[in-house]
Amino acid sequence: MTDLTDEAEKIENMHRESAILAARKAAKRDRLPETGECHHCGEETRPGARFCDSDCRDGWQREQDARRRAGRRDE
């Protein structure tokens with residue numbers, strides 16, 4: 001017979017694994033492609049970059065956060 005500690009540990013492990021899986025799916029979904037242009041302002045970017053600078057990166061993130069809060073998907 002298992003005791004409460006064993007049951008709690010099983011539940012905790014299930015929640016942890018579920019959270020890890022959800023985080024991996026979100027990271028995969030949220031990746032922006034490298035296009036050679038800033039995803040915020042459209043300026044040319046250096047190779048491998050998705051934004052021209054940290055201001056554009058932060059501005060883009062603020063807009064995405066606002067869209068999610070409003071219940072809209074990324075546009």
Side-chain angles (χ1 to χ4, degrees):
M1 187 161 94
T2 61
D3 64 3
L4 289 177
T5 304
D6 291 336
E7 289 298 319
E9 185 178 356
K10 286 179 186 177
I11 292 170
E12 179 184 7
N13 287 334
M14 287 185 342
H15 286 292
R16 183 181 306 111
E17 291 300 320
S18 178
I20 290 170
L21 181 61
R24 286 182 179 158
K25 284 182 180 180
K28 193 176 212 179
R29 181 188 67 236
D30 291 341
R31 283 192 197 137
L32 291 173
E34 296 175 25
T35 62
E37 294 181 353
C38 177
H39 283 274
H40 188 63
C41 73
E43 291 290 321
E44 186 176 334
T45 60
R46 66 184 190 285
R50 290 161 179 79
F51 300 97
C52 60
D53 60 24
S54 60
D55 290 335
C56 274
R57 179 199 62 216
D58 295 346
W60 180 87
Q61 188 62 58
R62 280 191 301 275
E63 287 181 4
Q64 298 306 308
D65 292 344
R67 285 186 178 114
R68 285 186 185 111
R69 283 191 305 272
R72 292 185 271 151
R73 295 185 56 88
D74 298 342
E75 297 173 0

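Remember, predicted model here, so these are calculated numbers, not experimental data.
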CD (E63) with more than 12 external heavy atoms under 6.0 Å = yes
Gap between atom NE2 of H40 and atom CD of Q61 - 0.5 Å precision = 11.5 Å
message = So E34 and R50, do their side chains get closer than 4.5 Å, heavy atoms only?
response = yes
query = If you count the non-hydrogen atoms of other residues, nucleotides and ligands that lie under 6.0 Å from CD in E44, is the total more than 12?
reply = no
Side chain proximity check, P33 to H39, heavy atoms < 4.5 angstrom = yes
ask   = CG of L4: more than 12 outside heavy atoms within 6.0 angstrom?
value = no
message = Quick check: closest heavy atoms across F51 and C38, and the distance to 0.1 Å?
response = CA-SG, 3.8 Å
message = For the CZ atom of R57 and the CZ atom of R62, what is their distance to the nearest 0.5 Å?
response = 10.0 Å
ask   = Around atom CZ of R16, are there more than 12 heavy atoms of other residues, nucleotides or ligands at under 6.0 Å?
value = yes
request  = For E17 and N13, run side chain to side chain donor-acceptor pair (under 3.5 Å): C-alpha distance rounded to whole Å, both residues' side-chain angles, the deciding distance at 0.1 Å, then the answer.
outcome  = CA-CA 6 Å; E17 291 300 320; N13 287 334; over 6 Å; no
key: Distance, nearest 0.5 Å, that separates CD of E9 from CG of D3   = 9.5 Å
